[in-house]
Structure formats: structure tokens, C-alpha cells
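Encoded as C-alpha cells, the structure appears first; notes follow it.
Values in this document were obtained by computation on a predicted structure and should not be read as measured data.
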Amino acid sequence: MIAVMLAAAPVATAQPPLDSRIVGQLTKSTGEPVPNARVTAQSTTGWFRHDTQTGADGKYVLPGVTATGEQYKVRFDPWMGPVSLPTQWAHRKRTEAEADVVAVRPGEDTVVDDALFAAGTVTFTASAVDTGEPVRAFCAELSPTRRGCTTTAR
């Protein structure tokens with residue numbers, strides 16, 4: 001009798017996790033798409049990391065994102081021609097500590113669109129401390145992450 005009851009019981013099967021994605025578009029502050037930028041989603045626990053690259057239209061898709069209670073921070077590493085711009089975190093944050101946390105739900109697309117900070121121009125004028133005369137050749141460094149210096153004589 002017991003064997004008959006067990007045979008009639010429904011069989012429980014484990015359901016595979018639903019595929020979740022983080023999708024979005026990276027643009028310049030002017031609204032133009034940013035192609036070829038590296039996009040990384042790192043789980044806040046450090047267990048999961050997903051990487052991809054933006055297309056010509058600035059859009060990206062990170063498929064197969066684990067959504068079992070994981071939260072992510074999304075990082076953008078733009079490459080603009082011969083220059084690599086500073087890393088930016090979603091949504092328009094400069095550091096990982098400031099980055100917005102993104103919750104991913106099973107079987108859903110989580111949209112993380114972002115725009116880069118506006119680029120600017122820096123102009124230097126150097127003068128001698130003792131005379132106040134303009135210095136014809138000098139070197140100025142703006143970022144400790146970019147080594148090297150261009151010296152310009154005028």
C-alpha cells in the first residue's frame with residue numbers, strides 16, 4: 001500500500017533559474033552614443049561578474065545575470081579614439097562607493113542607461129615665481145593615473 005502511494009505522488013523537479021539581463025545604452029552628455037565602451041556588472045557580494053562592450057549605437061546587453069537575490073554595481077570604461085576616459089559608475093557616479101546598486105529580478109531585463117560626464121578643456125598659464133614672466137616650456141599633470149607629460153614651448 002505504501003509503494004502505491006509513493007508512486008502516485010507528484011515528482012518535484014528543480015526549476016532552472018530564469019535568465020535575467022542587464023541592458024542599457026551609454027551616451028555622451030550630448031546624447032550621442034558611446035561605442036566600444038567596456039561595461040561590467042559586479043555583484044555586491046563579489047561572487048558574480050559580467051562583462052560586455054557597447055555597440056556602435058551605445059547599447060549593450062549582459063545576458064545570464066544571476067538573479068538569486070544578487071545586487072550589482074555597473075561600471076563603464078569608455079574608449080574614445082586614442083583616449084581612454086575615466087571609469088564611471090551608474091548612475092553618473094565617479095566611484096564604486098557612490099555607485100547605485102541595481103537589483104536584478106529573475107527572468108527580467110534590468111535597464112541601466114547612463115550618460116558620461118561632460119568633457120571639458122583645461123588651459124594652463126605658467127609664470128616664473130620670482131619675475132612673473134611667462135614660462136615658455138612647462139609640464140602639467142592632471143591625473144595620477146595618466147603618466148607622461150607634454151611640454152609645449154610658445
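- Remark: R75 CZ to R49 CZ distance equals 5.5 Å, nearest 0.5 Å.
- Pairing each heavy atom of E98 with each of K93, the nearest pair is O-CG, 3.4 Å.
- At a cut-off of 3.5 Å, with distance as the only test, no side-chain donor of T40 or Q42 sits close to an acceptor on the other residue.
- In this pair, F76 and Y60 present their aromatic rings perpendicular. The plane angle is above 60°, beyond the 30 to 60° band.
- Note on Y72 and V23: separate hydrophobic clusters, where clusters join Ile, Leu, Val, Met, Phe, Trp and Tyr whose side-chain heavy atoms are under 4.5 Å apart, directly or indirectly.
- Using a 4.5 Å cut-off on side-chain heavy atoms (C-beta onward), T45 and E70 make contact.
- In this structure, the side chain of T54 does not engage the main chain of K59 through any donor-acceptor pair within 3.5 Å.
- For the pair A99 and W89, the tightest heavy-atom approach, listed with the atom from each and the gap, is CB-CB, 3.5 Å.
- Closest heavy-atom contact between P86 and P78: O-CD, 3.7 Å.
- Side chains of K73 and V101 form a contact here, defined as non-hydrogen atoms less than 4.5 Å apart.
- Considering only heavy atoms from C-beta on, S43 stays 4.5 Å or farther from T66 through its side chain.
- Side-chain atoms of R92 come within 3.5 Å of backbone atoms of A115 as a donor-acceptor pair (strictly under, hydrogens ignored).
- Remark: D114 pairs with no residue by the side chain to side chain donor-acceptor pair (under 3.5 Å) rule, at least two apart or across chains.
- The heavy-atom pair separating A128 from V135 by the smallest distance is N-CG2, 3.6 Å.
- At least one donor-acceptor pair closer than 3.5 Å links the side chain of Q25 to the backbone N or O of D57.
- The heavy-atom pair separating L116 from Q88 by the smallest distance is CA-OE1, 3.4 Å.
- S127 approaches G132 most closely through the heavy-atom pair CB-O, 3.6 Å.
- With I22 as the fixed residue, the side chain to side chain contact (heavy atoms under 4.5 Å, CB included) test singles out one of V61, V39, L62: L62.
- Every residue was checked against the side chain to side chain donor-acceptor pair (under 3.5 Å) condition with Q53, not counting sequence neighbours, and none meets it.
- The main-chain N or O of G107 is found under 3.5 Å from a side-chain atom of S20 such that the two form a donor-acceptor pair.
- When the options T52, T87, D51, D77 are evaluated for a side chain to side chain donor-acceptor pair (under 3.5 Å) with R38, the one that passes is D51.
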